[in-house]
Amino acid sequence: MDDIFDSSLNLEETHFKEGYDEGYTHGLISGKEDATQVGLKVGFEIGEELGFYRGCVDIWTSVIRVDPTQFSQRAKTGITQMEELLHKYPLMDPENSQVQEIMDSLRIKFKMVCYSLHVKLEYNGYPKSSAEANDIQF
């Protein structure tokens, strides 16, 4: 007779455990999907910013090749240092501990180079909507 009542008494605990296990499994699956989407978005944004800096360095380096007297020595040194930071960035190892440090150094160096060139450039990211895209002026 005790067996009949034991199952009734443990019914709430059994359902609680089953619900927890189902929720945990669903959370793992959902969490991996969400993490993948966030990872892709953040990775794209970082790649976009690195590409912006690479483009600036390439243009400035081309100007230096055409006319070495165009920029000050300070600006040339900054451009060279930016190039080194871009080469040092671990594109294939996003979990590298230096990723954030290199990115911060690149941002600072970019501001320094822009200041020494008397240019007002800043990276604002790619326009998120068509309305923002229409606001871009050349």
Among the clusters formed by ILVMFWY side chains lying less than 4.5 Å apart, do Ile108 and Leu121 turn up in the same one?
->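 No, separate clusters.
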
Taking a hydrophobic cluster as the set of Ile, Leu, Val, Met, Phe, Trp and Tyr residues connected by side-chain heavy atoms closer than 4.5 Å, whether directly or through intermediates, do Tyr123 and Val119 fall within one such cluster?
->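 Same cluster: Tyr123 reaches Val119 through Ile, Leu, Val, Met, Phe, Trp or Tyr contacts under 4.5 Å.
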
Listed once per pair and sorted, the salt bridge (charged side-chain N to carboxylate O under 4.0 Å, His left out) pairs that draw on residues 65-87, sequence neighbours left out =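 Listed by first then second residue: Arg54-Glu83.
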
Kindly state each residue pair satisfying salt bridge (charged side-chain N to carboxylate O under 4.0 Å, His left out) with at least one member in residues 95-123, sequence neighbours excluded.
->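 Every pair satisfying salt bridge (charged side-chain N to carboxylate O under 4.0 Å, His left out) with a residue in residues 95-123: Glu49-Arg107, Asp104-Arg107.
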
Look up atom [atom1] in [X] and atom [atom2] in [Y], then write down how far apart they are to the nearest 0.5 Å.
X	Y	atom1	atom2	result
Asp34	Ile29	CG	CD1	12.0 Å
Ile46	Lys41	CD1	NZ	10.5 Å
Leu50	Leu91	CG	CG	6.5 Å
Ile102	His87	CD1	NE2	12.5 Å
Leu117	Cys114	CG	SG	6.5 Å
Leu85	Leu106	CG	CG	5.0 Å

With a 4.5 Å heavy-atom cut-off, do Met82 and Val113 have their side chains touching?
->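 Of all side-chain heavy-atom pairs linking Val113 with Met82, at least one is under 4.5 Å.
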
Could you give me the CA-CA distance, side-chain angles and deciding distance for Tyr89 and Gln98, then say whether side chain to side chain donor-acceptor pair (under 3.5 Å) is met?
-> CA-CA 8 Å; Tyr89 192 89; Gln98 291 185 321; over 6 Å; no

What's in the same ILVMFWY side-chain cluster as Tyr115, cut-off under 4.5 Å, chained through other members?
->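 Members alongside Tyr115: none; it stands by itself.
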
Look at the aromatic rings of Tyr53 and Phe110 and report parallel, tilted or perpendicular, splitting at 30° and 60°.
->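 If you compare the ring of Tyr53 with that of Phe110, the planes turn out tilted.
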
